[in-house]
Amino acid sequence: MSKKYEVVIVGAGISGAALAYELARYTDIKSICILEKYEGVGTLNTLGKANSQTIHFGDIETNYTLAKASITKQTAKMVEKYCLQYNLENEVIFSHQKMALGVGDKEVEFMLERYEEFKELFPNLQVWDKEHLKTIEPRLVFDENGDERPETIVGVGSQGEWTTVDYKKLADHMIENAKKQDDTTVDLFLNSQVTDIEKLENGFVIKTKDKTIEADFVVVNAGAHSLYLAHQMGYGHEYSCLPVAGSFYMTNQKILNGKVYMVQNPKLPFAALHGDPDILENGLTRFGPTALVLPKLERFKSGTYKDFWTTLRFDKKIVKIFIDLLKDSDIRNYIFRNFLFEIPFINKKLFVRDAKKIIPALRVDEIEYAQGFGGVRPQVLNKKEEKLMLGEASINTGEGIVFNMTPSPGATSCLGNAKRDVINVTKYLNKNFDFKKFEDELVEENIPQSAIDANEQKQYVSKIREEIKAHEEEYYQNINDGQELPSYWNKPYSPWRNKRDHWAF
Ligand SMILES: Cc1cc2nc3c(=O)[nH]c(=O)nc-3n(C[C@H](O)[C@H](O)[C@H](O)COP(=O)(O)OP(=O)(O)OC[C@H]3O[C@@H](n4cnc5c(N)ncnc54)[C@H](O)[C@@H]3O)c2cc1C
């Protein structure tokens, strides 16, 4: 006879683990089962080698609006609060300095305006000019000859915050913790790939190769395979999955002290290149991720090519979405460049050219393609609206089964997404969610007071603006002289001074 649980979770990545923890700790649900395809918890995108290990609060992610950042900050804080509550400092959660770097007058002005807009939500944000950057992150400032890079730069960031998480360790901790909660049974079955889910009149039957399990409610947190299983059951046919692989490059020594993000082109759906100290590699700097569409749903695992085609559901609408994306020259160049980043022999040189925007003196012999690092972001295509969806997607059927797809920053938002599902599950099963306990333990009440000297910050901002004004005057002088520099605004970083066609492909 098959065993019956109140809730079955498919997938033991960070999303499945966070949901198991919240159901066990904050609800009166008595039996939970987690079914995981592979031999361990978090072996796909949740693995520290697969993702950038960042907690995305929205302060240095320049594509986030203030409204989006205020939501992201709340869910990101849940991860922080979980880790601090269980004393996981320097084992699961780590602190580095972090910043978004503006390069060239246009980006610098953008960063300064963004700082004004965001400083209330992030009271610890600071503005760092070139002089200050020399002391905290010197490799951002000097070129190959040891000279200062010529263009204006600014770092807007903070120090002393929790920035970095080993999400695999966090997932392990959450599942073990879920098992320890009183009055709830939590069973984890590894090597248990769900092959079929069947809807009954009351509940579901879930099949793996050697098990048949019943459930009142099912949450599928299987990454790209969530949509695969949804389609198999006849749900979500208006969506397709585009697996966008991300790879990394590793330096052979520590060249950054903290996280350095760049100003992101809002049209490009994936995080711009950034440099991060890797917590699994003793702080060596990891650059990336790149973005390349791969015809498979899982990285570094065999198979899943067929699953890709099944989940893509290729048709005229997909062609139209692709054509629309490729019409945009920024997106076209980005896709082409990222394709070249995967080709041996030329990839390193090309990548270094891009990464020089962060580290002007970066040399090809300082980095290597990080073999075995990287993952797949299951980006969702909405066929009804004929567009690529940028964030996460969740199909709540209203019939006792939910399917979640979680591209970046899905690890950061694991506890926030789980809360949404806990509300759905408890409502559907007529169970209780201890909202107060959840808020007390995981939601940050008091915004920390700023320790930053506001006057000093104002001085930095005006000094940098004066520098920009001087550059503008020089630029218009050049136009008047008949020596227009057309690439100035579009490519406002150092290479234009010497090689105007540096970025052309
Ligand atoms: C290059 C890259 C960089 C990223 N950087 C960040 C970052 O810095 N910060 C951040 O917050 N996010 C980041 N992300 C996103 C983040 O890694 C994901 O959002 C997160 O790992 C998703 O977790 P998940 O549990 O939903 O999916 P996954 O981690 O993919 O887990 C899904 C699980 O389901 C299992 N599964 C699949 N099919 C079945 C089945 N049929 N039966 C049973 N089990 C099944 C899989 O084996 C797997 O264990 C990054 C992603 C990539 C690719």
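Bear in mind the structure is a predicted one, so any value in this text is a computation, not a measurement. Position 1 is the first residue of the sequence, and the numbers go up from there. One-based numbering, in listed order, for ligands and for the atoms of each.
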With a 6.0 Å cut-off on ring centres, are [X] and [Y] close enough?
{"X": "Tyr21", "Y": "Tyr82", "value": "yes"}
{"X": "Phe433", "Y": "Phe438", "value": "yes"}
{"X": "Tyr86", "Y": "His173", "value": "yes"}

Inset, instruction - Check the pair Tyr249 / Phe287 against ring-ring contact (aromatic ring centres under 6.0 Å, His included), numbers first and verdict last. - result: CA-CA 5 Å; Tyr249 285 79; Phe287 285 105; 8.8 Å; no
Shortest protein contact, [atom] (heavy atom only):
{"atom": "atom 8 (O) of ligand 1", "result": "Thr54 N, 3.0 Å"}
{"atom": "atom 40 (C) of ligand 1", "result": "Val194 N, 3.7 Å"}
{"atom": "atom 29 (O) of ligand 1", "result": "Thr46 OG1, 2.6 Å"}
{"atom": "atom 35 (C) of ligand 1", "result": "Glu36 OE1, 3.3 Å"}
{"atom": "atom 45 (C) of ligand 1", "result": "Lys37 CB, 3.6 Å"}
{"atom": "atom 24 (P) of ligand 1", "result": "Ser15 OG, 3.3 Å"}
{"atom": "atom 7 (C) of ligand 1", "result": "His56 NE2, 3.4 Å"}
{"atom": "atom 13 (C) of ligand 1", "result": "Ser408 OG, 3.3 Å"}

Inset, instruction - Could you tell me whether Glu368 and Lys348 make a salt bridge, using a distance below 4.0 angstrom between a side-chain N and a carboxylate O? - result: yes
Inset, instruction - For the pair Arg139 and Glu366, find out whether any cationic side-chain nitrogen is under 4.0 Å from an anionic carboxylate oxygen. - result: yes
Legend entry - Nearest heavy atoms of Thr310 and Lys306, plus distance in Å: OG1-O, 2.8 Å
Inset, instruction - For the residue pair Lys209 and Thr195, establish whether any side-chain heavy-atom pair is separated by less than 4.5 Å. - result: no
Legend entry - Those atoms of ligand 1 less than 4.0 Å from some heavy atom in Gln53: 8 (O)
Inset, instruction - Please confirm whether Ala50 comes under 4.0 Å of ligand 1, counting heavy atoms of the residue only. - result: yes
Legend entry - Residue-ligand contact Ser192/ligand 1, heavy atom below 4.0 Å: yes
